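Quick caveat: nothing in here was measured; it's all calculated off a predicted structure.
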Amino acid sequence: PAGAEQYRRRAADLTDHLAGLDARYKAGLATCESRVLLHGGHAAFGYLANSYNLNYQAAAGVTAELEATPRRLAELVQQVKQNKVKAIYSEELVSPRVARTIAGETGATVLKLHGAHNVAKEELEQGVTFIKLMDENLKNLQVGLSCKN
């Protein structure tokens, strides 16, 4: 009870920050030439893609330990070519090997999306926050999806 007012104020501030982040994503992804988000890792960004009407394709399943099959890699290479995808995304804690393989076959660029579920000690010391990580993700999405902002 002694900290109730502070908790309410901080919750309200966080709610405002998250609403602002959502508004930036809606506006920032509204004018993209592509809606195809290809991820060279496990299916970690499905909720994000669903929230902003992106066609999300991942190389592997939900867990990071799953490996992409040769068949799945071939399907993703075909998707890149058919949809003229300019970027394949990799995640900060997962090897970018699959994304680099697809990029090497197609000429696409590899860009990072941060899952924001884990930060390095150096990032924490530099003041990295969830909002900052998500804003950086938005910038990379805008580049890879050819958004006009």
Enquirer: Between A44 and Y56, what is the shortest heavy-atom contact and its length?
Expert: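 Heavy atoms only, the tightest pair is N-OH, 3.1 Å.
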
Enquirer: So, S90 side chain and G40 main chain: donor-acceptor pair closer than 3.5 Å or not?
Expert: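 Checking the backbone N and O of G40 against the side chain of S90, no donor-acceptor pair under 3.5 Å is found.
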
Enquirer: Might you confirm whether atom CZ of R10 has over 12 heavy atoms from other residues, nucleotides or ligands at distances under 6.0 Å?
Expert: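 Count not over threshold, so no.
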
Enquirer: Sequence neighbours left out, cut at 3.5 Å: what donor-acceptor pairs do the side chains of residues 81-88 make with other protein atoms?
Expert:
residue : atom : partner : partner atom : Å
N83     : ND2  : Q79     : O            : 3.1
K86     : NZ   : S146    : OG           : 3.1

Enquirer: Evaluate the criterion side chain to side chain contact (heavy atoms under 4.5 Å, CB included) for residue pair L76 and Q57; output intermediate values, then yes/no.
Expert: CA-CA 8 Å; L76 290 173; Q57 301 289 322; 3.9 Å; yes

Enquirer: Among L38, L37, V36, find the one that has a side chain to side chain contact (heavy atoms under 4.5 Å, CB included) with N55.
Expert: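 It is V36; the other options fail the test.
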
Enquirer: Atom CG in L133, atom NE2 in H117: separation rounded to 0.5 Å?
Expert: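 Going from CG on L133 over to NE2 on H117, the span is 11.0 Å.
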
Enquirer: Let me confirm one number: the CG-CD distance from L124 to E122, rounded to the nearest 0.5 Å.
Expert: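 That separation rounds to 10.0 Å.
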
Enquirer: Taking a hydrophobic cluster as the set of Ile, Leu, Val, Met, Phe, Trp and Tyr residues connected by side-chain heavy atoms closer than 4.5 Å, whether directly or through intermediates, do L54 and V110 fall within one such cluster?
Expert: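 Result: no, two separate clusters.
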
Enquirer: If you take all heavy atoms of A108 and A103, which pair is closest and at what distance?
Expert: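 Looking at all heavy atoms of both residues, the closest pair is O-CB, 3.1 Å.
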
Enquirer: Under the 3.5 angstrom rule, does the side chain of R24 hit a backbone N or O of A19 as a donor-acceptor pair?
Expert: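 Pair absent, no side-chain N/O of R24 close to backbone of A19.
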
Enquirer: Is it possible for you to say whether I102 and L111 belong to one hydrophobic cluster, with membership spreading through side-chain heavy-atom contacts below 4.5 Å?
Expert: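 The answer is no; the residues belong to distinct hydrophobic clusters.
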
Enquirer: Working to the nearest 0.5 angstrom, can you tell me the gap between N53 CG and K26 NZ?
Expert: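 The distance works out to 12.0 Å.
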
Enquirer: State, yes or no, whether a side-chain contact exists between L14 and D16 at a heavy-atom distance under 4.5 Å.
Expert: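 With C-beta onward as the side chain, the pair stays apart.
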
Enquirer: Taking the side chain as every heavy atom from C-beta outward, state whether L113 and E91 have any atom pair closer than 4.5 Å.
Expert: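 With C-beta onward as the side chain, the pair stays apart.
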
Enquirer: Quick one: which residue pairs count as a ring pair (Phe, Tyr, Trp, His ring centres under 6.0 Å) with a foot in residues 11-41, not counting sequence neighbours?
Expert: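 Qualifying pairs, neighbours excluded: Y25-Y52, H39-F45.
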
Enquirer: Return all side-chain donor-acceptor pairs below 3.5 angstrom for residues 136-143, not counting sequence neighbours, or 'none' if the list is empty.
Expert:
residue : atom : partner : partner atom : Å
N137    : OD1  : H114    : N            : 2.7
N137    : ND2  : H114    : O            : 2.8
N140    : ND2  : K112    : O            : 2.8
Q142    : NE2  : G28     : O            : 3.2

Enquirer: Could you tell me the separation between the CG atom of L73 and the CD atom of E105, rounded to the nearest 0.5 Å?
Expert: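 L73 CG to E105 CD: 9.0 Å, rounded to 0.5 Å.
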
Enquirer: Output yes when a side-chain donor or acceptor of E123 lies under 3.5 Å from a complementary backbone atom of A120, and no otherwise.
Expert: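 The answer is yes, because a donor-acceptor pair under 3.5 Å joins these two groups.
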
Enquirer: First locate atom CG of L48, then atom CE of M134, and finally report the distance between them rounded to the nearest 0.5 Å.
Expert: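 Atom-to-atom, L48:CG and M134:CE are 7.5 Å apart.
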
